[in-house]
Amino acid sequence: MSLAEAGVEANVLAESGNERDLAKLRAAWAEELEAAARSQDHIERAAAYRAVGQFRFRQKEELLRRGLEDESPACRGSALLSLELLSRDHPRAVNSVRPLLHTLANADDNAAVRRLAILSLRNGSPQRDTIVLLQGIAEEDGLDSDVRQTAAKIAAGLEKKARAR
């Protein structure tokens, strides 16, 4: 079984609530995941960053930070997918890397990475600087329309969340 296949299996276990088998799978794959994240091959690194979220590996959030700073858009995207997944129930995951997410959302060369960074910000605390940044991205001419629409939608959702507090 490959790391990617183990990640899919881990995700199924996590979604079904089978914490015992998920913990066993984490233990069995922890070292290989770390090794893959240090690989020279961006495909292996991307699989490792994606697996962090699939395994619900909260202990590996620092590894995701490295993934967010990776030179490969595939690796940054995989790390963002995992961060978004881990932050659904725990906004701390997003809040701890918020400045980096702001940079990716505002300035990454890859539109897909920008969009994923914006989607990840949805799960963080509704801070004013994030809302203003997203509103600015939504109004920026020349940007991919999908990025602008996503930014507008997430900004509106964060504003609503802030008002509800």
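Small disclaimer: the values here were computed from a predicted structure and weren't measured. Values below: all heavy atoms of this structure, side chains included; hydrogens, waters and symmetry mates excluded.
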**Report entry** Atom pair CG (L80) and CZ (R50), whose distance is rounded to the nearest 0.5 Å
**Finding:** 11.0 Å

Query raised in the report: Is there a path of hydrophobic side-chain contacts, each under 4.5 Å between heavy atoms of I, L, V, M, F, W or Y residues, that connects V94 with L85?
Result: no

Query raised in the report: Hey, what do you get for NE2 (H90) to CG (N123), rounding to the nearest 0.5 Å?
Result: 11.5 Å

Query raised in the report: Do L25 and V12 share a hydrophobic cluster, counting only Ile, Leu, Val, Met, Phe, Trp and Tyr and linking them when any side-chain heavy atoms are less than 4.5 Å apart?
Result: no

Query raised in the report: Between P91 and S125, which heavy-atom pair has the shortest distance, and what is it?
Result: CB-N, 4.3 Å

Report summary line: One should read off an interatomic distance between L81 CG and L64 CG, to the nearest 0.5 angstrom, of 10.5 Å

Taking only distance into account, with no hydrogens and no angle test, what donor-acceptor pairs under 3.5 Å do side-chain atoms of residues 30-43 form with protein atoms, sequence neighbours excluded?
from: E34; atom 1: OE2; to: K60; atom 2: NZ; distance (Å): 2.9
from: R38; atom 1: NH1; to: E34; atom 2: O; distance (Å): 3.3
from: S39; atom 1: OG; to: D41; atom 2: N; distance (Å): 3.0
from: S39; atom 1: OG; to: E44; atom 2: OE1; distance (Å): 3.2
from: D41; atom 1: OD1; to: I43; atom 2: N; distance (Å): 3.0

Query raised in the report: Taking only residues two or more places apart in sequence, or in another chain, which ones meet A112 in a side chain to side chain contact (heavy atoms under 4.5 Å, CB included)?
Result: N110

Query - Residue pairs passing the salt bridge (Lys or Arg N to Asp or Glu O under 4.0 Å) test where at least one lies in residues 124-138, sequence neighbours excluded - result: R128-E159

Requested in this report: Not counting sequence neighbours, list each pair that qualifies as a salt bridge (Lys or Arg N to Asp or Glu O under 4.0 Å) and has a residue in residues 110-120.
Outcome: R115-D146

Report task. Report the distance from atom CG of L68 to atom OG of S78, rounding to the nearest 0.5 Å. Result -> 10.5 Å

**Report entry** Those residues that, when tested against L158, pass side chain to side chain contact (heavy atoms under 4.5 Å, CB included) (two or more places apart)
**Finding:** P126, T130, I131, L134, I154, K161

Query raised in the report: Any chain of hydrophobic side-chain contacts (each under 4.5 Å) joining V147 to L100?
Result: yes

Query raised in the report: Can you list the residues that meet the side chain to side chain donor-acceptor pair (under 3.5 Å) rule with R45, with sequence neighbours excluded?
Result: D70

Query raised in the report: Does R148 have any side chain to side chain donor-acceptor pair (under 3.5 Å) partners at least two apart in sequence or in another chain, and if so, which?
Result: none

**Report entry** Heavy-atom pair with the smallest gap, counting every atom of G53 and S82
**Finding:** N-OG, 2.9 Å

Query raised in the report: Are M1 and V8 connected in a single hydrophobic cluster, I mean Ile/Leu/Val/Met/Phe/Trp/Tyr linked by side-chain heavy atoms less than 4.5 Å apart?
Result: no

Query - Minimum heavy-atom distance S120-S87, with the two atoms named - result: O-OG, 4.4 Å

Query raised in the report: Any chance the side chains of R98 and N95 put a donor and an acceptor closer than 3.5 Å?
Result: yes

Query - Those residues that, when tested against N18, pass side chain to side chain donor-acceptor pair (under 3.5 Å) (two or more places apart) - result: D21

Query raised in the report: Is there side-chain contact between R76 and Y49, with at least one heavy-atom pair below 4.5 Å?
Result: no

Query raised in the report: Taking all non-hydrogen atoms of both residues, which atom of S96 and which atom of R65 are closest, and how far apart?
Result: O-NH2, 3.0 Å

**Report entry** Where R26 and F55 come nearest, the two heavy atoms and their spacing
**Finding:** NE-O, 2.8 Å

Requested in this report: With sequence neighbours left out, write down each residue that passes side chain to side chain donor-acceptor pair (under 3.5 Å) with R122, or none if nothing qualifies.
Outcome: E84

Report task. Any chance you could measure N106, atom CG, to E140, atom CD, to the nearest 0.5 Å? Result -> 6.5 Å

Query - Heavy-atom check, side chain of R56 versus side chain of N11, under 4.5 Å - result: yes

Query raised in the report: Any side-chain heavy atom of L86 within less than 4.5 Å of one from V52?
Result: yes

Report summary line: Residues passing the side chain to side chain contact (heavy atoms under 4.5 Å, CB included) test with A105, sequence neighbours excluded, are A117, I118, L121, I137

Report task. Only pairs at least two apart or in different chains count here, so list each ring pair (Phe, Tyr, Trp, His ring centres under 6.0 Å) that has a residue in residues 99-134. Result -> none

